[in-house]
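Heads up: numbering here begins at 1 and tracks the sequence. Small disclaimer: the values here were computed from a predicted structure and weren't measured.
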Amino acid sequence: MKLCLLLNVIDPKIGGVMIMGDRGTGKSTAVRSLVDLLPEIRVVYGDPYNSDPEDPEAMGIEVREKALKGEKLEVAMTKINMVDLPLGATEDRVCGTIDIEKALTEGVKAFEPGLLAKANRGILYVDEVNLLDDHLVDVLLDSAASGWNTVEREGISISHPARFILIGSGNPEEGELRPQLLDRFGMHAQVGTVRDAELRVKIVEERACFDQNPKEFRDSYKAEQDKLREQIDSARRILSSVKMDHELRVKISKVCAELNVDGLRGDIVSNRAAKALAALKERDQVTAEDIATVIPNCLRHRLRKDPLESIDSGSLVIEKFYEVFG
C-alpha cells in the first residue's frame, strides 16, 4: 500500500491507487499521512486551478489566453493539494457552479470552482469509494477520462483542467466497485488485518504514544520523514532518464495478454510503475525485480472475475510473471 502511494507521487501519470481492506487497518491514515511527503510544484499565482506556467495543456482557459497574448505569468511554489471528496457531496460542490444571476445581469461568466478544480494537479481522495453515489461516479469517470471538467448550466458552458491522482479506499464487504471506475485506478492494493500478536502490540503502543503527545511522536520520526521526502524529490528528478529494455516491455505485454487483461492500461501502468520504482531506488535502468514488485498491484483488479476461482488474483499475476520471465 505504502509503495503504491509513493510511486503515484513520483509519477502521477500512473493513475492513482485503490486500497481495499478490512475495517480499522489504517487505510485512510496512510493516505492522509501522504500530505507531509508531497513535493512543491510551480503554479500560476492566484489561479484557482493550479495552472502549470510551462504546460498549455494544464492551464485554465483565462491563463492560457494571457500566455498566448505574451503576458508575463506570475509564478509561485505551492505544495501539491490533497482534496477529500465527502460521500454526501452534491454535484455542484464537486464540479463547481455558475452564478446565473451575475451572468444574466452583468453578462459575465461567474464561476465558483468546486473540488475538482481544487484537486487539479493534486490528489483527490475518496474514502469508502464503493459507497459513492452513481451520479458522482459518472462525474469522476468523465473527468478522469478527459482531464477536463465541463459545467453546463442554463445554456452557459465553462471548462477547466481537472487532472488529479485518484486515490480511493474501501471495505470489500460493503459492496463492489463499478468496473468502469475500478479500471480508472492505476494500481490496486489489498490490505489485510495483522495477525502477528507482537506487531499488533507495537501498533497499539505507537498509537498510545501519539495520543499522549502528538508533537513528540512526530518529532521522533522527523529524520526518517525528511529522508523519504528527499528520496521522492530525487526520484521525480531522475524519472525521465530511467530506461527499460525492449525485451522487458515485450514480456510485460506477454503477461497481460496471457492473463486476458482487457485493453492496454495494464501494460502502460506496469511500465510506468516499474520506472518509478527504479527511480525511487536511485537507478536509471529497470530490472525484472522491479517489474515483479509492481505488476501484481497493476494487474490484479483488471483480471476477469471467475466466481469459481479460489486463488487470489495477485497470486495469479505472480505465477504468470515467473512463467513468462523464467
Side-chain angles (χ1 to χ4, degrees), residues 1-19 31 34 37-39 41 52 55 57-58 80 119-125 143-147 161-168 181-190 228 231-257 259 261-303 313-314 317-318 320-321 324-325:
M1 172 177 66
K2 287 198 298 188
L3 181 65
C4 291
L5 292 169
L6 292 177
L7 296 183
N8 271 278
V9 173
I10 293 165
D11 184 4
K13 288 182 180 173
I14 287 172
V17 56
M18 176 70 207
I19 304 165
V31 174
L34 200 61
L37 300 172
L38 295 177
I41 52 170
D52 186 341
D55 181 10
E57 291 295 311
I80 289 178
N120 185 42
R121 298 182 68 211
I123 294 172
L124 185 67
Y125 175 49
S143 297
S146 64
R163 295 179 180 180
F164 45 81
I165 303 170
L166 186 59
I167 298 180
L181 184 57
L182 191 57
D183 191 51
R184 286 284 164 203
F185 288 99
M187 303 180 84
H188 186 286
Q190 197 81 36
L228 185 54
Q231 214 177 334
I232 291 169
D233 284 343
S234 167
R236 282 169 68 96
R237 282 194 299 273
I238 66 170
L239 180 64
S240 57
S241 62
V242 176
K243 301 283 184 287
M244 186 190 290
D245 292 339
H246 179 71
E247 185 190 342
L248 292 178
R249 292 181 194 274
V250 171
K251 285 182 175 177
I252 287 173
S253 290
K254 194 176 178 187
V255 170
C256 294
L259 286 169
V261 173
D262 292 331
L264 293 170
R265 279 204 188 105
D267 306 52
I268 294 166
V269 171
S270 301
N271 277 271
R272 282 187 172 144
K275 282 184 172 183
L277 181 58
L280 184 64
K281 291 180 176 178
E282 298 177 344
R283 284 191 272 101
D284 61 358
Q285 195 70 34
V286 174
T287 64
E289 189 186 327
D290 295 329
I291 298 166
T293 305
V294 300
I295 204 166
N297 300 105
C298 298
L299 299 183
R300 71 192 311 159
H301 58 302
R302 303 179 196 277
L303 304 189
S313 52
V317 175
I318 283 289
K320 186 58 70 178
F321 170 84
V324 170
F325 279 73

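Nearest heavy-atom pair across Arg302 and Phe185 is NH2-O, 3.1 Å. Between Gly15 and Asn8 the shortest heavy-atom distance is N-OD1, 3.7 Å. Residue Cys298 comes nearest to Val269 through the heavy atom pair SG-CG1, 3.7 Å, listed as atom of the first residue, atom of the second, then distance. Ala274 and Met244 get closest at one heavy-atom pair: CB-CE, 3.8 Å. When every heavy atom of Ala292 is checked against every heavy atom of Pro296, the shortest pair comes out as O-CD, 3.3 Å. Among all heavy-atom pairs drawn from Glu282 and Ser234, the shortest one is OE2-OG, 4.3 Å.
The CG atom of Asp284 sits 11.0 Å away from atom OG of Ser240, with the distance rounded to the nearest 0.5 Å. Distance CD/Gln285 to NZ/Lys275: 10.0 Å, rounded to 0.5 Å. For the atom pair CD1 (Ile238) and NZ (Lys281), the distance works out to 12.5 Å, reported to the nearest 0.5 Å. Taken to the nearest 0.5 Å, the CD1 atom of Ile295 stands 8.0 Å off from the CD1 atom of Ile318. To the nearest 0.5 Å, atom CZ of residue Phe164 and atom CD1 of residue Ile80 are 14.5 Å apart. In this structure, Cys256 SG and Leu264 CG are separated by 8.5 Å, a value rounded to the nearest 0.5 Å.
Within the structure, the ring-ring contact (aromatic ring centres under 6.0 Å, His included) test picks out the following pairs touching residues 271-303 (sequence neighbours left out): His188-His301. Counting only residues at least two apart or on different chains, the salt bridge (charged side-chain N to carboxylate O under 4.0 Å, His left out) pairs with a member in residues 263-274 are Asp183-Arg265.
Contact of the Ile123 side chain with the Val31 side chain is not registered, since no non-hydrogen atoms from C-beta on lie closer than 4.5 Å. Between Phe325 and Ile291 there is a side-chain heavy-atom pair separated by less than 4.5 Å. Looking only at side-chain heavy atoms (C-beta outward), Leu181 and Leu166 come within less than 4.5 Å of each other. The side-chain heavy atoms of Ile232 and Ile10, taken from C-beta on, include a pair separated by under 4.5 Å. Side-chain contact between Leu6 and Gln231: absent, with no pair of heavy atoms (C-beta onward) separated by less than 4.5 Å.
With sequence neighbours left out, the salt bridge (Lys or Arg N to Asp or Glu O under 4.0 Å) criterion links Glu247 to Lys251. The side chain to side chain donor-acceptor pair (under 3.5 Å) test applied to Asp233 returns no partner, not counting sequence neighbours. By the salt bridge (Lys or Arg N to Asp or Glu O under 4.0 Å) test, Asp11 pairs with no residue at all, sequence neighbours left out. Under the rule for a salt bridge (Lys or Arg N to Asp or Glu O under 4.0 Å), the partners of Arg121 that lie at least two apart in sequence or sit in another chain are Asp52.
Remark: the Thr287 side chain and the Asp290 side chain contain an N/O donor-acceptor pair separated by less than 3.5 Å.
When each of Asn297, Ile14, Ile19, Ile167 is tested with Cys4 by the rule side-chain contact (heavy atoms from CB on, under 4.5 Å), just one qualifies, namely Asn297.
Remark: side-chain polar atoms of Arg236 are paired, donor with acceptor, to backbone N or O of Val9 under 3.5 angstrom.
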